[in-house]
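Everything below concerns the one structure shown next.
Count residues from 1 along the sequence. Order of appearance sets the numbers: ligands from 1, and atoms from 1 within every ligand. Any value given below was found using the heavy atoms of this structure, including those in side chains, with hydrogens, waters and symmetry copies removed.
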Amino acid sequence: MDTESDTDMGANANADTGRGRDTNVDIGTDTELIPAPVRIGDAGISDGDSGGGSRAFPLAPSTTIAAAPGTENTERWLRSTLGAAFGLPLAPQSAVEGGEGAANSIRLRIDPALDPEGYRLGAGPTGVEIAGGSAAGVFWGAQTLRQLLGPAAFRRAPISPDSRPTIAFTDIEDGPRFPWRGMMLDVARHFLPKDDVLRYLDLLAAHKLNVFHFHLTDDQGWRIEIKRYPRLTEVGSWRSRTKHGHRASELWDETPHGGYYTQDDIREIVAYATERHIRVVPEIDIPGHSQAAIAAYPELGNSDVIDTTTLSVWDTWGINANVLAPTDNTLRFFEGVLEEVLALFPAATSPFIHIGGDECRKDQWKESPAAQARIAEFGLANEDELQSWVIRHFDTWLTARGRRLIGWDEILEGGLPSGAAVSSWRGYGGGITAAEAGHDVVMCPEQHVYLDHRQDGGPDEPMPIGFIRTLEDVYRFEPVPAGLSEEATRHILGTQANVWTEVMQNRSRVDYQVFPRLAAFAEVAWSSLPASADRDFADFERRMTMHYARLDALGVDYRPPGGPLPRQQRPGVLGRPIEGPPPNV
Ligand code: ACM
């Protein structure tokens with residue numbers, strides 16, 4: 001499979017190609033595609049059609065797939081999804097006796113003249129043709145084809161024995177605005193079984209999102225098997241009880257919670273993502289957010305300040321004072337962890353490794369003789385520079401192994417090594433500083449695209465957290481801040497929505513917070529929309545009517561436009577809403 005050449009994540013492609021904000025996006029059509037394509041017409045391919053008869057191509061039992069070299073994964077995906085949804089064999093063209101030529105087929109091919117993730121889709125009397133700039137472009141074209149076939153294409157089995165899907169003749173030209181279109185899923189605060197993770201990869205693919213940021217470790221749980229340190233999962237993946245609601249809530253769920261992915265589970269998740277042209281960014285969060293690791297291996301903590309043997313996996317939420325000790329032992333330990341991580345997440349599909357770096361309280365380092373000795377030993381100014389020293393260590397270590405470090409924007413404090421990239425979450429500010437200094441940036445400001453934040457101000461929102469971020473707010477999110485220099489804009493790799501799961505106990509709660517807003521986010525990341533105020537939200541809402549039907553067919557437990565269903569509400573469970581609009585930072 002072609003993975004290495006799919007996308008160049010080292011630069012914002014639009015800065016070079018001119019496919020920028022001012023590109024016209026044709027979203028006023030009846031095809032109701034989400035995200036909206038660059039251009040859509042109704043010419044069709046090799047369209048000898050002169051107006052007589054139906055202007056739609058029917059998928060039939062005789063329809064074949066002709067997959068040119070390099071497009072095999074899309075061929076497999078089409079057969080397993082559309083074939084299942086409509087009960088059609090979609091046999092390989094080469095396997096059809098007599099070789100019926102190109103007629104009545106779905107034809108897939110790579111056209112290197114197109115942008116790597118771009119594609120052209122034509123539907124006409126002889127079938128459907130998808131040409132992509134790379135295997136990824138072909139795959140995104142196939143996602144469009146599925147949407148063109150209507151909501152039934154999103155089911156896993158036919159709902160009627162004689163339903164015959166048709167595709168209206170069309171001619172679509174498309175490609176993404178950003179090479180990094182991501183979603184971060186926190187499986188540490190609440191574990192999601194592997195099958196739910198695979199399902200989320202399908203949901204990302206259905207929205208042409210191509211980065212899965214996998215938040216695997218935190219104070220409340222360690223979720224990835226590390227063979228040389230078995231206690232990380234034996235001890236670190238379980239907690240005896242869990243705060244129910246915001247940390248100020250008095251409620252506890254006394255059910256033990258936990259789980260982890262075995263190394264084979266991880267390999268399967270990575271392969272599944274790769275088959276869908278999704279890159280996985282594993283996150284091992286250091287030096288804060290590490291109490292689960294310290295509970296498993298107390299020597300990792302600041303044992304000259306507190307008795308770390310008494311710590312257990314954290315059962316509530318917030319910013320934890322129990323951080324890693326900045327010792328050689330800790331560095332060697334996490335090198336060992338990362339060696340296994342690198343083996344599980346190959347460079348071709350995981351060029352970036354996320355090392356967290358957020359919200360590391362310095363209380364213990366201030367008190368710790370060992371930490372203070374480190375500061376003196378290396379001539380550092382303070383604890384921020386000590387954190388920076390830890391990050392630099394892993395930047396050097398990862399760079400030597402052909403990977404790139406990415407971290408939350410706190411890694412800017414105390415100085416950032418030159419190749420490191422930044423996830424800008426506390427607003428745009430960190431991202432602007434980083435991009436102007438020549439670092440690559442993923443924009444994910446909490447004020448705009450943290451999907452744990454409530455999506456309505458009404459009293460029925462379950463466990464309401466944070467700012468009100470409606471579907472429209474997300475639709476109007478602009479990843480590139482005004483006034484950024486052209487040079488710095490090239491360093492905005494793209495954007496991602498982040499899903500922190502403190503108050504999302506299971507897949508249904510995750511679905512509720514993520515959808516429908518991820519659909520709006522996907523359009524922001526993929527489509528070249530006008531400036532925020534000029535975006536046609538009414539048209540997006542119109543297309544959402546069809547998209548809700550797709551989500552229904554997929555079984556997504558989204559927030560209905562009219563508000564949460566009774567079973568989606570959580571009366572009496574405390575959240576922490578923040579009043580007023582988010583600051584423009
Ligand atoms: C974060 O939200 N602490 C990255």
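Scored by the ring-ring contact (aromatic ring centres under 6.0 Å, His included) test, Phe345 finds no partners at all (sequence neighbours excluded).
Each of the following atoms of ligand 1 lies closer than 4.0 Å to a heavy atom of Trp500: 1 (C), 2 (O), 4 (C). Remark: ligand 1 atoms within the under-4.0 Å shell around heavy atoms of Tyr450 are 1 (C), 2 (O), 4 (C).
In this structure, the ring of His215 has its center no less than 6.0 angstrom from the ring center of Trp408. Ring-centre distance between Tyr229 and Phe333: below the 6.0 Å cut-off.
The shortest N or O to N or O distance between Glu359 and ligand 1 is under 3.5 Å.
Partner of Trp180 under the ring-ring contact (aromatic ring centres under 6.0 Å, His included) criterion, out of Phe352, Phe212, Trp526: Phe352 alone.
Listed for the Thr433 side chain is a donor-acceptor partner under 3.5 Å among the backbone atoms of Gly429.
Closest to atom 3 (N) of ligand 1, if we only count protein heavy atoms, is Asp358 OD2, 2.8 Å.
Of all the heavy atoms of Glu446, none lies under 4.0 Å from any atom of ligand 1, so neither backbone nor side chain is involved.
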